[in-house]
Amino acid sequence: MQNENLKMFMVLFSIGLLSVFMLSCGGSSGGDDDDDQSLTITGESGNDVNLNGRWSEGCIADDGESEREVLSISGSSFTVTVDAWEPSEDCSGTAEFTQTMCGTLTKGEETTASMDGAPVMATEFDVEFIKVQIKINTPNLVTDANTEGACGYNDWMLGIAKDILDTDCWDDPESFKDIILIDDTVDPDLLYTGDLEGPVDANDYPTVINFESPEERL
């Protein structure tokens with residue numbers, strides 16, 4: 001990997017809820033799984049849909065690189081695990097690095113959103129990251145990371161995760177607002193989230209569903 005590309009490669013995660021599962025960043029969020037919120041949202045049919053489980057958009061390839069993101073939800077806790085490869089366009093072989101993000105979900109109110117021009121009922125969520133870690137899985141990338149002092153560290157070790165939440169490798173916010181929709185009239189195993197770059201309401205929740213990139217229940 002080119003040294004100048006290292007930082008970009010190590011922060012390729014783009015927020016969206018949730019491209020989120022059981023807290024597994026080597027620690028706990030400090031809270032109970034589900035003491036004060038339901039694990040369900042109202043599907044488009046009006047029935048309850050449980051969010052617990054693993055969700056993924058599958059392998060995503062772009063310009064010789066590929067990544068697979070798995071969102072895991074367990075009560076009010078979540079983990080997002082992103083494995084990334086270069087060069088590879090099919091997520092095969094040993095991932096160059098693994099990024100793991102853990103945090104909490106706080107369920108809010110139901111709200112009206114737009115999905116491909118049609119009104120739908122979504123559910124508001126506040127998302128907070130508590131721990132963000134990177135684990136480097138290939139020796140060459142470990143050498144590059146230590147040479148560059150990636151994320152402020154020069155003691156990277158193969159297969160050992162480091163926390164990057166408060167480093168220059170993490171440019172994304174530590175909390176954000178999102179919405180979730182499950183249209184169980186069509187497919188209860190597809191989870192849609194808000195367009196975080198689109199319009200927002202008076203409380204900063206997205207008002208448009210990102211209908212092109214759903215997460216599928218694994």
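- Side-chain atoms of W85 come within 3.5 Å of backbone N or O of G93 as a donor-acceptor pair.
- Looking at every heavy atom in both residues, I179 comes nearest to A113 through CD1-CB, 3.8 Å.
- No donor-acceptor pair under 3.5 Å is formed between the side chain of S92 and the backbone N or O of S88.
- With contacts defined as side-chain heavy-atom distances shorter than 4.5 Å, the pair D201/E124 qualifies.
- Side-chain contact between F97 and K135: absent, with no pair of heavy atoms (C-beta onward) separated by less than 4.5 Å.
- With values rounded to the nearest 0.5 angstrom, L191 atom CG is found 5.0 Å from I180 atom CD1.
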Ignoring hydrogens and angles, write down the donor-acceptor pairs under 3.5 Å from the side chains of residues 43-51, residues two or more places apart or on other chains.
residue	atom	partner	partner atom	Å
E44	OE1	M121	N	3.4
S45	OG	N47	N	3.2
S45	OG	N47	ND2	3.2
S45	OG	D184	OD1	3.3
S45	OG	D184	OD2	2.5
N50	OD1	N52	N	2.7

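- Hydrophobic clustering, with ILVMFWY side chains joined whenever heavy atoms are under 4.5 angstrom apart, keeps I209 apart from V200.
- The backbone N or O of E86 sits less than 3.5 Å from a side-chain atom of E96, completing a donor-acceptor pair.
- In the hydrophobic clustering of ILVMFWY residues, with side-chain heavy atoms under 4.5 Å counting as a link, I60 and V70 come out apart.
- Clustering ILVMFWY residues whenever any of their side-chain heavy atoms sit less than 4.5 angstrom apart, transitively, puts V127 in a cluster other than the one holding V208.
- Within 6.0 Å of atom CG in D90, more than 12 heavy atoms from other residues, nucleotides or ligands are found, so the atom counts as buried in its surroundings.
- For Y205, there are no ring pair (Phe, Tyr, Trp, His ring centres under 6.0 Å) partners at least two apart in sequence or on another chain.
- For the pair E215 (side chain) and E57 (backbone), a donor-acceptor distance under 3.5 Å is present.
- Contact of the I134 side chain with the T98 side chain is not registered, since no non-hydrogen atoms from C-beta on lie closer than 4.5 Å.
- Contact detail for D168 and D171: the closest heavy-atom pair is O-OD1, 3.5 Å.
- Taking 4.5 Å as the limit, every side-chain heavy atom of Q133 sits out of range of all side-chain heavy atoms of I164.
- Counting only distance, with no hydrogens or angles, the side chain of W156 and the backbone of A150 share a donor-acceptor pair below 3.5 Å.
- Side-chain atoms of M115 and L181, non-hydrogen and from C-beta on, do get closer than 4.5 Å to each other.
- Counting only N and O atoms by type, the side chains of T42 and E110 include a donor and acceptor under 3.5 Å apart.
- Sorted by first then second residue, the disulfide bond (SG atoms under 2.5 Å apart) pairs that include residues 47-82, not counting sequence neighbours, are C59-C91.
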**Request:** Assess whether side chain to side chain contact (heavy atoms under 4.5 Å, CB included) is satisfied between T81 and T79, documenting all intermediate values.
**Result:** CA-CA 6 Å; T81 301; T79 299; 3.8 Å; yes
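- Looking only at distances, a side-chain donor or acceptor of D178 sits under 3.5 Å from a matching main-chain atom of G194.
- Taking the side chain as every heavy atom from C-beta outward, D195 and P206 never approach each other to under 4.5 Å.
- One finds the CZ atom of R54 at 12.5 Å from the CD1 atom of I73 (value rounded to the nearest 0.5 Å).
- Residues I41 and F125 are in side-chain contact: their nearest non-hydrogen atoms beyond the backbone lie under 4.5 Å apart.
- Across every non-hydrogen atom of R217 and P188, the tightest pair is NH2-O, 4.4 Å.
- Here the closest non-hydrogen pair linking T167 and D163 is CG2-O, 4.0 Å.
- Note that the CG atom of D116 and the OH atom of Y192 stand 10.0 Å from one another [nearest 0.5 Å].
- Note on L196: it clusters hydrophobically with W55, by side-chain heavy-atom contacts below 4.5 Å among ILVMFWY residues.
- Side chain of K162 to backbone of I136: no donor-acceptor contact under 3.5 angstrom is found.
- Salt bridge annotation for K177-D126: present, with a cationic side-chain nitrogen under 4.0 angstrom from a carboxylate oxygen.
- Contact of the T106 side chain with the S76 side chain is not registered, since no non-hydrogen atoms from C-beta on lie closer than 4.5 Å.
- The distance from atom SG of C151 to atom CH2 of W170, rounded to the nearest 0.5 Å, is 11.0 Å.
- Rounding to the nearest 0.5 Å gives a distance of 10.0 Å between CG of D83 and OG1 of T94.
- E216 CD to D187 CG: the interatomic distance, rounded to the nearest 0.5 Å, is 7.0 Å.
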